[in-house]
Amino acid sequence: MMRKIKLTKESQADILDNLLKRSPNNYAGYEDTVNGIIREVREKGDQAVFACTRQFDKWDVSAENIRVTKEETEKACATADAAFVAVMEKSAENIRDFHRRQLKNSWIDTKPDGSILGQRILPIAVSGVYVPGGKAAYPSSVLMNVIPAKVAGVERIIMTTPAGSDGEVNPGTLVAAKIAGVDEIYKVGGAQAIAAMAFGTESIPKVDKITGPGNIFVALAKKACFGYVSIDSIAGPSEILVIADETANPRYVAADLLSQAEHDELASAILITTDETLAARVEQEIEGFLRKLSRADIIRKSLDNYGYILLADSMESAVEAANAVASEHLEILTKNPYQVMTKIRNAGAIFLGEYSSEPLGDYYAGPNHILPTNGTARFFSPLNVDDFMKKTSLISYSREALEQAHKDIELFAMKEGLTAHANSVRVRFED
């Protein structure tokens, strides 16, 4: 179960060290396998993709059946639970509305001397999204990956997702893809899917950016293909950190910690509290929940390995520790959560108050649930519209404007030993 520890500089350092063991940077043992798959796909295209799919997914894929047909999507939509479809549509609209607010416009600034500077903002042309299949199929991730790209104006969105041994794709994934606006879906998973989107094959088009979660092989493939194609991030296991004081409801705190611990055995759940009584009551509530939750075995292993209750002397030290952990999800359940929030610098998403539980962000509220993990919230942001945009600088100088600046530019170039740079400006004023 969760280890109860007094929060000190030493215990904080030990915990950070333990959490970082879950980082995708520690997947090196699988790199040779992944690199071999990528090399095969680059060299042999469809042939390699089909071979890997037959080996790992156990169905007879070909150029004729690798793409999901319109009829398959329509069947999934026709047989889907209508109530669930309605909820997905509400969620999609919330996500759409939130991400529309992130849109930025191109701009141009002109000056009296004739100089013009600006920035042109355009969407990427083709976006690729990876969606896990089988038991790990999450329609919510389809919405979160695709809708920001659509809001950004991406014209063509490609999805890859593994099919079962019967050649069928998870129907919930297909319904979510239809709601979000995916253009093409291909029945391929794993590292071979990432390589196919990164380099293109006879059947699967090359994309400009790949987003979406996946297993170790998918994460390493994205890492290896970065540079040939843009990616969102190398996602690590899920994590939640809750800051709570004596005013927090222990039942709510326990439930929220378990909501992330159930993802997998590497998930992390941490409570930092200034109240020992709350800590004890949270432990009791956790035991009660574990007697009835379906994924209790996974939760127990997660809490055994990466679950902590940290007893802080003050809210200041609790905040300091939270900023050091830089958790994917951060809940603040205190008397004045907004005041505490102003001191938080590092978190993927912040949930304020006792009615803002983490699953609200996973499914419904609108902000993206694709968040930085393993401390990367110190320098990464949630997936957003900007991830699907590219910016181009615009520069236009009149002769008058350049004449005022040319000697400065020539001096700068000469100091760097780049005489051709200096000459490129100088020739314009030889007369």
Side-chain angles (χ1 to χ4, degrees), residues 1-30 213-216 218-220 222-223 232-244 253-254 256-274 279 282-283 286 295 297-313 316-333 340 343-351 358 361-362 369-382:
M1 287 299 292
M2 299 177 78
R3 282 162 279 187
K4 189 186 293 184
I5 300 171
K6 184 171 178 57
L7 180 60
T8 63
K9 294 288 186 184
E10 292 74 21
S11 63
Q12 178 177 303
D14 289 342
I15 291 165
L16 288 174
D17 184 60
N18 189 39
L19 294 178
L20 289 174
K21 292 176 183 176
R22 309 170 309 133
S23 170
N25 292 324
N26 293 325
Y27 295 165
Y30 301 91
N215 61 18
I216 290 173
V218 169
L220 285 175
K222 287 171 70 176
K223 184 177 179 181
D232 51 351
S233 63
I234 310 295
S238 189
E239 54 202 29
I240 185 170
L241 189 152
V242 178
I243 297 177
V253 174
D256 293 353
L257 290 168
L258 301 186
S259 73
Q260 292 308 292
E262 77 168 342
H263 270 293
D264 62 58
E265 296 170 9
L266 293 176
S268 167
I270 299 173
L271 166 62
I272 306 179
T273 181
T274 51
V282 168
E283 287 181 302
I286 286 174
R295 295 169 69 87
D297 288 343
I298 292 174
I299 293 172
R300 287 188 185 277
K301 290 177 181 177
S302 168
L303 297 182
D304 285 344
N305 292 322
Y306 303 106
Y308 296 94
I309 295 176
L310 303 178
L311 299 172
D313 290 333
E316 287 71 24
S317 61
V319 167
E320 182 181 345
N323 280 326
V325 173
S327 185
E328 178 187 18
H329 307 99
L330 171 64
E331 288 191 6
I332 303 177
L333 301 176
V340 176
K343 300 173 184 176
I344 298 296
R345 294 185 59 85
N346 304 323
I350 301 174
F351 300 79
E358 187 279 333
D362 272 353
H369 78 195
I370 299 168
L371 303 167
T373 59
N374 275 107
T376 60
R378 297 190 313 277
F379 44 83
F380 281 146
S381 304

### Task
For residues Ile270 and Leu19, determine if any side-chain heavy atom of one lies less than 4.5 Å from a side-chain heavy atom of the other.
yes
### Side-chain heavy atoms of Phe351 within contact of Asp256, under 4.5 Å
no
### Task
Check each of Leu271, Thr273, Ile15, Thr8 against Leu310 using the side-chain contact (heavy atoms from CB on, under 4.5 Å) test, and report the only one that passes.
Ile15
### Summary
For Arg3 and Asn305 the tightest heavy-atom approach is NH2-O, 2.5 Å
### Query
Short question: side chain of His329, backbone of Ile240 - any donor-acceptor pair under 3.5 Å?
no
### Asn374 backbone acceptor or donor facing Glu239 side chain under 3.5 Å
yes
## Note on the structure
Test side-chain contact (heavy atoms from CB on, under 4.5 Å), reference Tyr308, set Leu241, Asn18, Leu7, Asp14, output is Asn18
### Query
Under a 4.5 Å cut-off applied to non-hydrogen side-chain atoms, are Ser11 and Lys6 in contact?
no
### Query
Between atom CD1 of Ile309 and atom CE of Met2, what is the distance when rounded to the nearest 0.5 Å?
4.5 Å
### Task
Taking side chain to side chain donor-acceptor pair (under 3.5 Å) as the test, write out the residues that go with Asp232, two or more places apart.
Lys222
### Task
Looking only at non-hydrogen atoms, find the nearest pair between Ile298 and His263 and report the distance.
CG2-C, 4.4 Å
## Note on the structure
Which of Leu333, Val282, Leu330 passes side-chain contact (heavy atoms from CB on, under 4.5 Å) with Val242? It is Leu333
### Query
Partners of Lys301 by side chain to side chain contact (heavy atoms under 4.5 Å, CB included), sequence neighbours excluded?
Glu265
### Message
For the backbone of Glu358 and the side chain of Glu331, can you confirm whether one donor and one acceptor N or O come within less than 3.5 Å of each other?
### Response
yes
### Summary
What one should report as the nearest heavy-atom pair of Ser317 and Asp313 is OG-N, 3.7 Å
### Message
How long is the straight-line distance from CG of Leu266 back to OG of Ser238, given to the nearest 0.5 Å?
### Response
11.0 Å
### Query
More than 12 non-hydrogen atoms from neighbouring residues, nucleotides or ligands closer than 6.0 Å to CG on Asp297, yes or no?
no
### Query
Quick check: does any side chain N or O of Ser302 sit under 3.5 Å from a backbone N or O of Ala267, one acting as donor and the other as acceptor?
yes
### Task
To the nearest 0.5 angstrom, please state how far the CG atom of Leu257 sits from the OG atom of Ser268.
9.5 Å
### Shortest non-hydrogen separation from Ala322 to Ile272 and the atoms involved
N-CD1, 4.1 Å
### Query
Which heavy atom in Gln260 sits nearest to a heavy atom in Asp362, and how many Å separate them?
NE2-OD2, 3.8 Å
### Task
Can you see which heavy atom on Ile234 is nearest to which on Thr373, and at what distance?
O-OG1, 4.4 Å
### Query
Can you tell me if CZ on Arg295 sees more than 12 non-hydrogen neighbours from other groups inside 6.0 Å?
yes
### Query
Nearest 0.5 Å, what's the OH-CG distance between Tyr30 and Leu220?
9.5 Å
### Separation of Glu10 CD from Ile5 CD1 (nearest 0.5 Å)
12.0 Å
### Task
Quick one: list whatever passes ring pair (Phe, Tyr, Trp, His ring centres under 6.0 Å) with Phe380, sequence neighbours left out.
none
